[in-house]
Participant: 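One structure, as C-alpha cells, below. Some questions next.
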Amino acid sequence: MKLFRIRMPFLATALLMAGLFSIQHATAVGTPSGIVISNQATVDFTDANGNALQVLSNIVTTTVSQVAGVIVDPDNSSTGVPGDLVYYAHRVTNTGNNADTINLSAVSSQGWAVQFWADAGVIGVFDAGDVLLGDSDGDGSPDPGVLIADAFFDILVEVTVPGATVDGTVDTTTVTGTSLFDPLVTESAVNTTTIAAPTLAVVKSVAPAGNQPPATTLTYTVLMTNNGTGAATAVVVNDPIPANTTYVTGSAAGAGTTIEYSHDGGGSYDASDAAPVTHIRWTLAAALAAGGGSATVSFQVIIN
Amino acid sequence: MMSRVKSHGPRYALALVVLCSLFGGPALAQEASGNGAATMQVEVSVLQEIIRTDESGQAIVETKPVGLVIPGTILAYTLHATNRGGSAVFDARIEDPIPDGTTLLPGSVAADGLIITASLDGGESWQSFPVFVAAGEDAAGQTVYVQAPGDSYTHLRWFLDGPLPPGATKEVSFKVQVR
C-alpha cells in the first residue's frame, strides 16, 4: 500500500509532463513568418552487383506567412461604488508568429468613461508606477507598442462610475485588442462592474398621532434604513422644527450622532440648543451598513 | 476530428496522384550513365490539407497546392520512389526528415507495404514505427510505455524487403502540422 502511494504520483507526474510537452507546441507561438519549410528525401539501394547507391529527391519548399494572434485575458468582475474609479487588470499577448502592434479599445455598456493604463508598477493593482497607455503608432488607438511574437504586456483598464449611479446597476466594459497586421484578428475580455450603492429609506413618525390641542408635547422620530447593497457613509439628517411648535430644549436624541442646532432658519449650526431652535442636524458617526443598517433620531416639540 | 481526416484518406490520396505533376521536376539521379545501370528516382510532393465544414456540418478534407502557409496548417507529403533503370534494385530505403518547423502527425504515416522505422534524435538511432517511450512506472513498478508524441519524431525511413523491378514505384506519405 505504501509503495502504491509513492509511485502513483510519479506516474501521474510523468504522464502529465508528457502531456504538457505535446501541448506546448500546440499553444506556443507558431513558426516565425518567413521561415521556409523544406523537404528532401533520399533513397538508398543496391544494384544487382551489390553496389550501394543513393539518389536525392527534388526539394519542396513551403514558406510560412505571417499570421496575427491576439489574446486579452482575463474576464474580470468587481463591485463599484458611485463616484469610484474601478481598475481591471489584463494581459495582452501577441500570439501571432511575427511582431505586431495590438490596438486597444474599450466600450462601457453604460457609456461610462474608460481609459487604459500601462501596468508598469506592481502588476494587477493601480499604483504610482502606472502611466497612461500611449499610442505608439499615432493611429488614434492606445497600444502597448510593438510586441514581438509571443510577447505580452500588462494593462489596467480604468472605469469611472458616475456619482449618481443607481444601486444594482451592472456595467460590462468590453476591452478589445486588435491586430494592426490583420485587423480581423481581435480578442476581447469583459469586465463586469456591479454597483453597490446605498439606498436610504427614511420614515418619520410622530406620537401622539392625530389631532392634538395646543400645549401637547409631540415626539418626532426619524428612522433611516439602508436597503441598498453599499454602505451609506457620512449620513446627515436635517429636520426643521414644524411651524407653530417650539422645540423642547434637551429633547433631541440620536445614538452615535453629533447633534447641532440652527437658530437662523438653517443658515448656520452650532452645538447650543438654546431657543430659538429652527432646525436640528444629526451627523452619524458610523456608516449605515448595506442590507438593512439603520439609525434612529428623535426630538420633541410643544404645540404653540 | 482526426478520425474524420483519416477516413477521407483514400480520397485525397487520389488527388495527390493527379496533382503530383504540378510540382518541381524530379531529380533524376544517375549512378552510372551506361545502359541498363540501376537508377532510381524519388520525387517529393506536398499538398496543403484544408478541413472545411459543409452545409450539414460535416467536416470535409480537401487538399490544395501549397504556397504560403500559416501555423497550424497540415501539410501532406507524398514520396514516389521509382526504379527508372533497366534492372531490379535491392534493399531500397527511403529516408525523409520531418521538416523543421513542423510536427509529425503519427497516424498519417502510410507505408505502401514497406517496413517503417523512425528516429527521435536527428537520425542517430532508429526504432520501429510507431516509437514507444517510457513514461514512468505503474503501481506495480512496471515501466509504462506510451506512443512518442508527434513532435518528438525527426526522421522516417521506409524499407523495401525484396527487389524493386524496373518501372515499379512505391508511394509512401506522411502528414505534418506547421507549428
Side-chain angles (χ1 to χ4, degrees), chain A residues 1 3-19 21-26 28-69 95-97 149, chain B residues 23-31 37-46 48 66-73 75 77 79 81 83 85 87-97 99-103 133-141 144 146 149-152 160 164 176 178-179:
Chain A
M1 201 55 204
L3 277 175
F4 177 80
R5 287 194 173 189
I6 290 169
R7 284 178 174 163
M8 271 312 281
F10 172 71
L11 173 61
T13 307
L15 288 174
L16 183 66
M17 286 177 71
F21 184 66
S22 57
I23 288 167
Q24 203 170 21
H25 282 297
V29 66
T31 303
S33 64
I35 290 285
V36 174
I37 296 171
S38 69
N39 189 18
Q40 183 176 34
T42 56
V43 174
D44 291 274
F45 59 99
T46 56
D47 64 15
N49 299 324
N51 297 316
L53 305 169
Q54 184 180 66
V55 297
L56 294 174
S57 76
N58 58 315
I59 301 173
V60 290
T61 59
T62 305
T63 305
V64 178
S65 58
Q66 182 171 356
V67 58
T95 57
N97 63 350
Chain B
F23 296 94
L28 196 63
Q30 289 90 2
E31 171 59 24
T39 302
M40 279 199 75
Q41 175 195 12
V42 59
E43 189 182 356
V44 180
S45 63
V46 60
Q48 180 178 349
V66 181
L68 291 167
V69 296
I70 61 172
T73 302
L75 298 174
Y77 287 99
L79 287 64
N83 182 354
S87 57
V89 301
F90 302 88
D91 305 324
R93 187 191 75 195
I94 307 166
E95 179 178 322
D96 204 5
D100 287 345
T102 71
T103 297
V133 293
E137 293 177 0
D138 66 11
V144 173
V146 297
D151 58 7
S152 59
L160 175 57
L164 187 65
V176 300
V178 179
R179 286 179 195 154

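Here is the naming used below: chain letters follow the sequence lines, and residue numbers restart at 1 for every chain. Side-chain atoms are counted along with the backbone in the values below, which use heavy atoms only and exclude waters and symmetry mates.
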Participant: Side chains of A:T62 and B:L75: does their closest heavy-atom pair fall under 4.5 Å?
Facilitator: yes
Participant: Is the shortest side-chain heavy-atom distance between A:S57 and B:L79 below 4.5 Å?
Facilitator: no
Participant: Can you say whether B:D100 sits under 4.5 Å from chain A via the side chain, the backbone, both, or neither, judging by heavy atoms?
Facilitator: backbone
Participant: How many angstroms lie between CZ in A:F45 and CG in B:L160, if you round to the nearest 0.5 Å?
Facilitator: 12.0 Å
Participant: Could you tell me if the side chain of B:S87 sits less than 4.5 Å from the side chain of A:D47, heavy atoms only?
Facilitator: no
Participant: Looking at CG of A:N97 and CZ of B:R179, how far apart are the two atoms once the value is rounded to the nearest 0.5 Å?
Facilitator: 14.0 Å
Participant: Within the supplied structure, the quantity of interest is the number of heavy atoms (other residues, nucleotides, ligands) at a distance under 6.0 Å from A:N51 CG; does it exceed 12?
Facilitator: yes
Participant: How far does OG1 of A:T31 sit from CD1 of B:I70, to the nearest 0.5 angstrom?
Facilitator: 11.5 Å
Participant: Heavy-atom distances under 4.5 Å only: say whether A:T46 touches chain B with side chain, backbone, both or neither.
Facilitator: both
Participant: Between B:L68, B:V69, B:T102, which is the residue that forms a side-chain contact (heavy atoms from CB on, under 4.5 Å) with A:V64?
Facilitator: B:V69
Participant: Using side-chain contact (heavy atoms from CB on, under 4.5 Å) as the criterion, list what pairs up with A:D44, not counting sequence neighbours.
Facilitator: A:T42, A:Q54, B:R93
Participant: Can you tell me which portion of B:A92 sits under 4.5 Å from chain A's heavy atoms? Options are side chain, backbone, both or neither.
Facilitator: both
Participant: Compare every heavy atom of B:M40 with every heavy atom of A:V43, then report the nearest pair and how far apart it is.
Facilitator: CG1-SD, 3.6 Å
Participant: Would you call A:N58 and B:E43 a side-chain contact if the rule is heavy atoms closer than 4.5 Å?
Facilitator: yes
Participant: Go through the structure and list residues passing side-chain contact (heavy atoms from CB on, under 4.5 Å) with A:N39, not counting sequence neighbours.
Facilitator: A:V60, B:V44, B:Y77, B:D96, B:P97, B:P99, B:F174
